[in-house]
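Values reported hereafter were calculated over all heavy atoms of this structure, with side chains retained and with hydrogens, waters and symmetry mates removed.
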Amino acid sequence: MRTYGVLQTTAGPVWVEVTTDARGYSDAVYLTTLCQVLLLNRGESPFYANYGIPSFTSVQTQIPPDLYVAQTQAQFAPFFASLTIARATAADGSPIYNISVVSHSGASIGVQVPQPLLDGFGNPVLDGYGKPIFTGVTTNFQLPT
């Protein structure tokens, strides 16, 4: 199994292939897909219109998309030993989601989505239209003992 995720580098975004590991676990594939889905606008994909969150509507109404995040959690929960997605608040007051995963191999992974990509001075990196580039950031990673 494989999927592709965007890795933000100083040279620009790079697509990275994520595949099933040598032991046959696809947890990294599903975690990458989960992060991509949470960054996807609802109805944006022509093939998977029921995936994503209504980010434009959420920004306009100032209502966090908790229902759609819960639906996404339910869609991806069968692929992990444990999956928890909880809303938190960023320093600027915007909603962010903390993702905690326990993989089938027993590894504990924490991810925060969305997280703006920062330059060396702590300022958000902007795209060609002046908007910040967001990415999922791994906040902790623990191998089983």
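Between V37 and F76 the shortest side-chain heavy-atom distance falls below 4.5 Å.
For residues 27-54, the ring pair (Phe, Tyr, Trp, His ring centres under 6.0 Å) pairs, not counting sequence neighbours, are Y30-F79, Y48-Y51. Screening residues 72-87 for side chain to side chain donor-acceptor pair (under 3.5 Å), with sequence neighbours left out, gives D66-R87.
Between the NE2 atom of H104 and the OH atom of Y25 there is a distance of 8.5 Å, given to the nearest 0.5 Å. Atoms CD1 and CG, from I96 and L38 in turn, are 12.5 Å apart once rounded to the nearest 0.5 Å. With rounding to the nearest 0.5 angstrom, the OG atom of S45 is 9.0 Å from the CG atom of N50.
Although no hydrogens or angles enter the test, the distance criterion places no donor-acceptor pair under 3.5 Å between the side chain of N98 and the main chain of A88. Remark: side-chain polar atoms of D21 are paired, donor with acceptor, to backbone N or O of G24 under 3.5 angstrom. For the pair T19 (side chain) and R2 (backbone), a donor-acceptor distance under 3.5 Å is absent.
Both Y68 and L40 belong to a single network of hydrophobic side chains, linked directly or stepwise wherever heavy atoms of I, L, V, M, F, W or Y lie under 4.5 Å apart.
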side-chain contact (heavy atoms from CB on, under 4.5 Å) assessment of Q71 paired with L67: CA-CA 6 Å; Q71 286 177 349; L67 172 67; 4.3 Å; yes
Worked verdict on I53 versus V69 for side-chain contact (heavy atoms from CB on, under 4.5 Å): CA-CA 7 Å; I53 59 172; V69 171; 4.0 Å; yes
Full working for side-chain contact (heavy atoms from CB on, under 4.5 Å) between S58 and I63: CA-CA 5 Å; S58 296; I63 298 172; 5.9 Å; no
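Partners of T3 according to the side-chain contact (heavy atoms from CB on, under 4.5 Å) rule, which considers only residues two or more places apart in sequence or in another chain, are V18, V29, T32, T33.
Heavy atoms only, all atoms of each residue included: F80 and D27 are closest at CE2-O, 3.6 Å. A pairwise comparison of heavy atoms in Y97 and P65 identifies OH-CD, 3.4 Å as the closest pair.
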